[in-house]
Amino acid sequence: MLQQTQVATVVPYFSRFVEQFPDAHTLAQAPLEQVLRAWEGLGYYRRARQLHQAAQMIVRDHGGEFPQDIDAVRRLPGIGRYTAGAVLSIALNQRHPVVEANTIRVLSRLFAVAIDVGKESGRRTLWSLAEQLVPAARPGDFNQALMELGGTICKRRDPNCENCPISRWCRAAQLRQVERFPRKSPRAKVTFQQEVAVVVQRQRSVVLRRCGPDERWAGMWDFPRYRRPERNVESALAEMIRADLGLSVQLHSLPWRFKYSVTRYRIDLTTVASTRCRGRIKTSSPAKWVKIEEMETFPLNVSARRVARQLRLSQRKLN
DNA sequence: AATCCGGGGGG
DNA sequence: CCCCCAGGATT
């Protein structure tokens, strides 16, 4: 869960998760749907699928006990050098280094690493430094201390060098250029595309579709979602729905635009609208057709059986 | 080596 | 608006 996700975000998810899946057997035997459900809102859903696979591998190949050999750990899906080193150093007191966001910042400043830490050569340098520094005694404490230092003192902006216990050895601090490190090349820009999600409500059911393998949220359930037409939105949308779902619909005026979240999706539209929407939404009026401009969404991963019969047409097309 | 996954924190 | 987050897999 902590891979590319902030600690504060993870904590409540982690608590619920370990309560629901206390050991490898429980997790391995749980349906993937249930695991994804527990992951809902965290993003990077591949991690949940891989964790599920890893639990099954641990049960099958390691008798349900987490392997202690670093190479065996690395073979588990979703576990790379950082995660393997972190688990084995912290839990089993094995001497392995860790390199992640915090230690990258600390080490790159401590040694004024001039190379781009996003590049392979920069990473090699950092792993080498971390490997040389981690002690045989209490390596897990050392690694956590390094990460904690990066999280509390050696922050990305406005680092607290005055209270840093190792600032007297810090090359970047000596150079008065702490904030110039770590060196990174600018990220690729992210482009946004306008999409329209459609909520089709019939009695207490709602039409969902499963995201295809090559689109975002692959394999997960979502409202039917389409690129927003340039013009003639209503008629173009109706045509897309007819072609995609085999449903003949007529769109009236589309009065509401709002961001939507389906994390707490229940089944009726008013709940969806009232949980996370922003803007002027009247939840009391049960509109049949609502246009949603997708700005931010959470995945929808409901137990969709209740509405699945409305999906047979589109499902057949996908399979 | 570059790209993708993704919601959310915080300036 | 921006950059980044206790990374890893895929291409």
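Keep in mind that what you see is a predicted model, and the values were worked out from it rather than measured. Only heavy atoms go into these numbers, but all of them, side chains included; no hydrogens, no water, no symmetry mates. Reminder, nothing fancy here: chain letters follow the sequence lines and each chain counts from 1.
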task = Report the residues that fulfil salt bridge (charged side-chain N to carboxylate O under 4.0 Å, His left out) with A/D141, sequence neighbours left out, ordered by chain and then residue number.
result =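 With sequence neighbours excluded, A/D141 shows a salt bridge (charged side-chain N to carboxylate O under 4.0 Å, His left out) to A/R138, given in chain and number order.
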request  = Apply ring pair (Phe, Tyr, Trp, His ring centres under 6.0 Å) to A/F17 and list each qualifying residue two or more places apart in sequence or on a separate chain.
outcome  =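 Only A/F21, A/W39 meet the ring pair (Phe, Tyr, Trp, His ring centres under 6.0 Å) criterion with A/F17.
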request  = Please identify each residue that fulfils side-chain contact (heavy atoms from CB on, under 4.5 Å) with A/R156, with sequence neighbours left out.
outcome  =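 Testing A/R156 for side-chain contact (heavy atoms from CB on, under 4.5 Å), a comparison that skips the adjacent residues, returns A/R105.
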Whole Å only: how far is the [atom1] atom of [X] from the [atom2] atom of [N]?
X: A/D158; N: B/dG11; atom1: CG; atom2: P; result: 10 Å
X: A/M1; N: B/dG7; atom1: CE; atom2: P; result: 16 Å
X: A/R157; N: C/dC4; atom1: CZ; atom2: C1'; result: 8 Å
X: A/K155; N: C/dC5; atom1: NZ; atom2: P; result: 14 Å

message = How would you summarise protein contacts on nucleotides 6-11 of chain C per nucleotide, using B for base, S for sugar-phosphate only and - for none, with heavy-atom distances below 4.0 Å?
response = BBBS--
request  = Could you list the residues that satisfy side-chain hydrogen bond (donor to acceptor under 3.5 Å, both in side chains) with A/H52, not counting sequence neighbours?
outcome  =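 So A/H52 forms no side-chain hydrogen bond (donor to acceptor under 3.5 Å, both in side chains) with any residue.
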ask   = Looking at residues at least two apart in the chain, or sitting in another chain, which of them share a side-chain hydrogen bond (donor to acceptor under 3.5 Å, both in side chains) with A/S15?
value =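 Expected list: none.
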For residues 91-101 of chain A, which side-chain N or O atoms pair as donor and acceptor with protein atoms under 3.5 Å away, sequence neighbours left out?
residue : atom : partner : partner atom : Å
A/Q94   : OE1  : A/H96   : NE2          : 3.0
A/Q94   : NE2  : A/Q68   : O            : 2.8
A/R95   : NE   : A/V134  : O            : 2.8
A/R95   : NH1  : A/E131  : OE2          : 3.0
A/R95   : NH2  : A/E131  : O            : 2.8
A/R95   : NH2  : A/V134  : O            : 3.2
A/E100  : OE1  : A/N102  : N            : 3.1
A/E100  : OE1  : A/N102  : ND2          : 3.1
A/E100  : OE2  : A/N102  : N            : 3.2
A/E100  : OE2  : A/T103  : N            : 2.8
A/E100  : OE2  : A/T103  : OG1          : 2.9

Check: residues 169-179 of chain A side-chain donor-acceptor pairs under 3.5 Å, at least two apart:
residue : atom : partner : partner atom : Å
A/R171  : NH1  : A/Q174  : OE1          : 3.4
A/Q174  : NE2  : A/R168  : O            : 3.4

ask   = Does a side chain donor of either A/T5 or A/R47 reach within less than 3.5 Å of an acceptor in the other side chain?
value =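 Their side chains do contain a donor-acceptor pair, which is all the 3.5 Å distance test asks for.
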ask   = Would you write out the dot-bracket form of DNA chain B, 5' to 3', with Watson-Crick and G-U pairs under 3.5 Å, [ ] for crossing pairs, | for pairs to other strands and . for unpaired bases?
value = |||||.|||||
ask   = So which one's nearest nucleotide on DNA chain B is more toward 5', A/E120 or A/R156?
value =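 Closest to the 5' end, via its nearest nucleotide, is A/E120.
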